[in-house]
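Written below as structure tokens is the structure these notes are about.
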Amino acid sequence: MGLQWGDEGKGRVVDYISDRYDAAVRFNGGANAGHTVVVNGKRVVFHLLPSAALRGKMLFIGAGVAVDPQRLIEEYSEVRPGHLKIDPRATVTTPFDVWLDGRLEELRGSRIGTTGRGIGPTYANRLYRLSPRVCDVAAGRDPDFGPLYAAFGYNEGLSGWSKAYSEFLKQHMGDVPQELMSLYESGRALLFESAQGTLLDPIYGTYPFVTSSNTIAPYVSIGAGFPFNLVDEVIGVMKAYQTRVGAGPFFTELSGPLADRIRERGGEYGSTTGRPRRVGWLDLVSVRYAVKLNGATKIALTKLDVLSGLGRLLVAVRYRYDGKSTLDFTRALYEQPEPEYVELDPIPDVDWASAVKDRRLPGEALQLIDLIEKEAGAKVWLVSVGQERSMAVEL
Ligand code: IMP
Ligand code: MG
């Protein structure tokens, strides 16, 4: 689960642990996600397939995912996974959704800065009962709402649109909840990979600057049809600093040369859209909120190396409203807090490859980890200092 605004490095962490699992499942989001995995120096970005796709796992796409068939087929053709099952109930993103996403951004007055992948309209049109499901497209049933589309100003029409995708979807449709349960009952290990992060949750995040499917762990029950009470571990993934792509509040945001430096070192450019990400100091008030909402049992900390050699290290540990110091994040959803920072000894530039090989992180890094554990309320289990699988250490 992402504990920030997405791009925490979930793809990287999934790749690290994927050997321990038999199956990988997507249960939320759609092609807005961009999960980067580096294997043998080769960088692969997954949007719809689970990021364990390169590791030969059984793959599942649950009913909570917004399925863009064109993009899915493209990704599938590149990776050619052996086992891919898609829930027939999942909502399909149509060209109307993608068009409407752009149109709403134009007309809303204030842009959210969506990824333009039709995500908001896909989930909204599902609730309007306009969207086709995977099983509809597989059966060649085109969404046939010409007059309604025209009322929105969309005049393309979608008759005949399904045809290109029917065969593929028909081949890959499967009863995802049933298959997951039978795997579970035969003792196999299941890995549910979230897209986006807690602060982008449409209910619990920084609304309206959020995405449109839920991004907290209990959504596994709905988005994959797997009962949450059978989940025995929730791994919260967080970066050692904060980033956000798109508009919306960002309480610890940095600007100027320091921000540029973190952005360049961390390669902080959107993996779906290429947009430069906004960057800022780690915000443990929001991370703590995210740990609790997800029921995170442990933390994977990524990109710790990016903070090294900056000469300065601040971490927000409290918010102040009307001059009063508190741990309350909920209030920040409707009032502007002033972050209260602690200053830590800056992390020096070290040879991270040997640091992980010898399992010896610099003392300054350990201080940061202690602070995270104390303030966020969960143990840091994995520390990643690079994209390759070997560049991580379990504590
Ligand atoms: P949408 O999900 O495309 O509707 O975009 C809504 C907001 O969520 C925008 O601020 C996007 O930048 C952000 N967002 C959506 N998906 C991701 C992601 O995978 N990583 C980071 N931000 C995302
Ligand atoms: Mg991403």
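Values below: all heavy atoms of this structure, side chains included; hydrogens, waters and symmetry mates excluded. Remember, it's 1-based here, ligands and their atoms both numbered in the order they're listed.
Near I112, with a cut-off below 4.0 Å to any heavy atom, the atoms of ligand 1 are 10 (O). Atoms of ligand 1 found under 4.0 Å from any heavy atom of G246, numbered from 1 in the order shown, are 10 (O).
Under 4.0 Å from ligand 1, the heavy atoms of W5 that appear belong solely to its backbone.
Here the heavy atom of the protein found nearest to atom 16 (N) of ligand 1 is Q196 NE2, 3.1 Å. Looking only at protein heavy atoms, the nearest one to atom 21 (C) of ligand 1 is D7 OD2, 3.0 Å. The closest protein non-hydrogen atom to atom 5 (O) of ligand 1 is T114 CA, 3.3 Å. Nearest protein heavy-atom contact of atom 12 (O) of ligand 1 is V245 O, 2.8 Å. When only non-hydrogen protein atoms are considered, atom 6 (C) of ligand 1 lies nearest to V210 O, 3.3 Å. Annotation: atom 11 (C) of ligand 1 to nearest protein heavy atom, G113 O, 3.6 Å.
The pair E253-R278 meets the salt-bridge criterion, since a charged nitrogen lies less than 4.0 angstrom from a carboxylate oxygen. Residues R318 and E375 are paired through a salt bridge, judged by an N-O separation under 4.0 Å between the basic side chain and the carboxylate. Look at R89 and D175 and you find a salt bridge, because one of the NZ, NE, NH1 or NH2 atoms lies within 4.0 Å of a carboxylate O, short of that distance. Salt bridge status for D349 with R265: present, with a side-chain N to carboxylate O gap under 4.0 Å. Taking 4.0 Å as the cut-off between side-chain N and carboxylate O, E75 and R26 do not count as a salt-bridged pair. For the pair K298 and E233, the salt-bridge criterion is met [side-chain N within less than 4.0 Å of a carboxylate O].
An N or O contact shorter than 3.5 Å is missing between R117 and ligand 1 by distance. Below 3.5 Å of separation, one finds an N or O of T115 facing an N or O of ligand 1.
Heavy-atom separations between R275 and ligand 1 include at least one value shorter than 4.0 Å. Heavy atoms of A33 approach ligand 1 to within less than 4.0 angstrom.
For R126, there are no salt bridge (Lys or Arg N to Asp or Glu O under 4.0 Å) partners two or more places apart in sequence or in a different chain.
Looking at T211, N32, L200 and measuring to atom 14 (N) of ligand 1, the nearest heavy atom belongs to L200.
For the Mg ion (ligand 2), the count of nearby protein N/O/S atoms, taking only those under 2.8 Å, is 2.
Side-chain heavy atoms closer than 4.5 Å link hydrophobic residues (I, L, V, M, F, W, Y) into clusters, and following such links, even through other members, never connects I119 to Y204. Under the 4.5 Å side-chain heavy-atom criterion for ILVMFWY residues, a single connected hydrophobic cluster contains both L307 and L314.
In summary, of the residues considered (D22, D15, D19), a salt bridge (charged side-chain N to carboxylate O under 4.0 Å, His left out) with R55 occurs for D15 alone. Test F145, Y128, F152 against F96 for ring-ring contact (aromatic ring centres under 6.0 Å, His included) and you get one pass: F152. The side-chain contact (heavy atoms from CB on, under 4.5 Å) with L282 is formed by just one residue from the set L368, L371, T252; it is L368.
Between F168 and I86 the shortest heavy-atom distance is CE2-CD1, 4.2 Å.
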